[in-house]
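None of the values given here were measured: they were computed from a predicted structure. We're numbering straight along the sequence, starting at 1.
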Amino acid sequence: MSNPYFNPSKRKFIKSSIIGGISLISIPSLIGCKTDPLSYELDLHVPTKYFDGTRCWCHPRAGIVPNVGKGDLPRVVMTMNNLDLAGSDVFYGVFGLQTDDLGSSWTEAQEQKTLAPRYETIDGVERPVAVSDFWPRWHTKTKTLLGTGHTVAYTTDWKVRSPRPRHTSYSTYDPDSSNWSDWKKLEMPGDTFKDAGAGCVQRYDQEDGSILLPIYFRPPGKNSRVTVSKCAFDGSELKFLDHGSVLELNNDTRGLGEPSITKFADRYFMTIRNDEKGFVAQSADGQTFDGYKPWTFDDGTELGSYNTQQHWVTHSEALFLVYTRRGANNDHVFRHRAPLFMAQVDPEKLCVIRETEQVLVPERGARLGNFGVTNVSPTETWVTVAEWMQPHGVEKYGSDGSVFVSRIQWNKPNRLFG
């Protein structure tokens, strides 16, 4: 359907620009060769920006399609939501842009009609339902770019409906037409998962093609909890098979949400959002988790990341966490969601190594809590994020609705790529 709430004439774009390149410290080696330590450099780019006082971009995340860019380069496909700043989580559509030359040039952001909101009958009333929190990722087994997210059901005047049905939404990308397929819903069993989705989650694809897809869900009358669902994917249809341990938090918060999973050194790790603090869990099989613990620095102090997501950057020689936190001269930022940090994780102690902390994207007043991570090549990983221009007035600190690509350029190939 067309979107009456978004005026394309108000869009403002800029060409890709380099903000700066920074040589960074070597990474303490916890595994592998200690004589040639892992290190990286950062380049910060802005492929586009948009802020007209009423709307901005959010949730920019990217996936790759190998070997269809210029030469043998991958095509990098980014999706993002258009956000109405007058409400809370009001997403009027999904837009996309792409680059075939690793960010030297980008297409203009275009509305993705196949990912647009549509009207559904809920409790006898026609209500708008939008796709949001979308994350594209290349599925190697089927050679398909598969994006997953969740749905948001609204009232007739575009306010988030509560209680709400929520589903995992998904779509596939066609590199020949540069279009996404019409979005679908992942079918889940029983009433327990009537409010369940994979919004903002980092999935893990296994060698046999099965997908470990973390979800968060709210059983009737309960707060939110997380689990890892196992799914089959044939290149078109995503099918739920089973789920693993259910992790919950019995207190007065909204519970656990936005889990992200990765695998490093034969173990799986999951990071989890909560209103008061972030948590981390580990597993031998990616589905069975005995429990979780708060994120801390290696000196035992709390990391200070709360009420927003964290995600993984996984290199074959080191595991990293990307996050926001308190204590960075950022009390003026909503929920301390900027700057965006990255630091190495000690996988044995399940903590963040303080001396490795680096700023990926600087703080300019706007929040940076909703972001994505993409392995673009064996030597390059991208972290993508937009300046979410809420609450009103954050632009006085310098933010302007920029979409950032923080390019992490490794000195050693990532053997986990592919």
Side-chain angles (χ1 to χ4, degrees), residues 1-6 54-61 79-95 111-112 115-135 147-171 183-186 188 191-201 214-226 252-259 272-276 306-309 334-335 337 366-367 369-371 386 388-392 394:
M1 73 178 205
S2 62
N3 183 358
Y5 296 92
F6 185 74
T54 60
R55 297 178 184 87
C56 70
W57 299 130
C58 66
H59 302 304
R61 297 189 179 92
T79 59
M80 53 194 180
N81 278 105
N82 174 237
L83 174 74
D84 188 336
L85 297 169
S88 176
D89 288 342
V90 179
F91 307 113
Y92 288 134
V94 176
F95 285 69
E111 187 171 14
Q112 306 298 297
L115 301 178
R118 60 195 185 204
Y119 280 82
E120 299 180 357
T121 301
I122 301 173
D123 296 335
V125 179
E126 288 287 302
R127 303 181 187 276
V129 178
V131 169
S132 76
D133 303 68
F134 199 68
W135 194 321
T148 55
H150 68 193
T151 61
V152 183
Y154 296 98
T155 60
T156 54
D157 57 352
W158 285 84
K159 292 182 174 60
V160 176
R161 185 179 183 275
S162 183
R164 58 180 172 179
R166 189 205 319 251
H167 295 83
T168 292
S169 55
Y170 70 96
S171 174
W183 63 269
K184 302 176 183 178
K185 296 178 180 179
L186 176 64
M188 299 291 289
D191 289 342
T192 299
F193 297 106
K194 286 184 68 174
D195 183 354
C200 297
V201 309
I215 61 171
Y216 53 110
F217 65 100
R218 196 184 310 269
K222 305 290 186 180
N223 66 3
S224 180
R225 56 257 357 243
V226 303
D252 293 332
T253 67
R254 291 176 295 174
L256 304 177
E258 294 181 340
I272 307 167
R273 171 181 173 171
N274 171 252
D275 291 347
E276 297 177 343
Y306 72 100
N307 210 352
T308 195
Q309 58 206 238
F334 180 81
R335 294 177 181 168
R337 290 183 178 179
R367 63 179 97 170
N370 291 72
F371 61 94
W388 186 313
M389 302 297 288
Q390 279 180 319
H392 177 73
V394 296

- Matching residue for Ser132 among Val94, Val90, Asn81, Leu83 - test: side chain to side chain contact (heavy atoms under 4.5 Å, CB included):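 Testing Ser132 for a side chain to side chain contact (heavy atoms under 4.5 Å, CB included) against Val94, Val90, Asn81, Leu83 leaves exactly one candidate, Asn81.
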
- For atom NZ of Lys185, decide whether the heavy atoms of other residues, nucleotides or ligands shown that lie under 6.0 angstrom number more than 12.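 Counting neighbours around NZ of Lys185, more than 12 heavy atoms of other residues, nucleotides or ligands fall under 6.0 Å, so yes.
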
What I'd like to find out is whether the side chain of [X] reaches to under 4.5 Å of the side chain of [Y], using heavy atoms alone.
X      : Y      : value
Met188 : Ile215 : yes
Asn274 : Leu256 : yes
Arg225 : Pro219 : yes
Asp89  : Val152 : no
Gln309 : Asn370 : yes
Pro214 : Val226 : no

- Taking the inter-plane angle between the rings of Phe217 and Phe193 on a 0 to 90° scale, is it parallel (under 30°), tilted (30 to 60°) or perpendicular (over 60°)?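 Phe217 vs Phe193 ring planes: tilted.
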
If you take all heavy atoms of [X] and [Y], which pair is closest and at what distance?
X      : Y      : result
Ala116 : Trp183 : O-NE1, 3.0 Å
Pro60  : Ala386 : CG-N, 3.4 Å
Asp133 : His150 : OD1-NE2, 3.1 Å
Trp135 : Phe371 : CZ3-O, 4.1 Å

Between [atom1] of [X] and [atom2] of [Y], what distance do you get to the nearest 0.5 Å?
X      : Y      : atom1 : atom2 : answer
Lys159 : Arg127 : NZ    : CZ    : 13.0 Å
Glu120 : Thr151 : CD    : OG1   : 7.0 Å
Arg367 : Met389 : CZ    : CE    : 11.0 Å
Arg166 : Asp195 : CZ    : CG    : 4.5 Å
Ser169 : Leu186 : OG    : CG    : 9.5 Å
Arg61  : Thr148 : CZ    : OG1   : 9.5 Å

- Item | Check: Asn307 main-chain N/O paired with Arg337 side-chain donor or acceptor under 3.5 Å |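 Flag set: sc Arg337 to bb Asn307 pair under 3.5 Å.
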
- Message: Using a 3.5 Å distance criterion without hydrogens, assess whether the side chain of Tyr92 forms a donor-acceptor pair with backbone atoms of Pro117.
- Response: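 Between the backbone of Pro117 and the side chain of Tyr92 there is no qualifying donor-acceptor contact (under 3.5 Å).
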
Salt bridge (Lys or Arg N to Asp or Glu O under 4.0 Å) against [X], all qualifying residues, sequence neighbours excluded:
X      : result
Asp123 : Arg161
Arg254 : Asp275
Glu276 : none

- Query: Taking the six-membered ring for Trp, are the ring centroids of His59 and Trp388 within less than 6.0 Å of each other?
  - Reply: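 Ring centres of Trp388 and His59 closer than 6.0 Å.
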
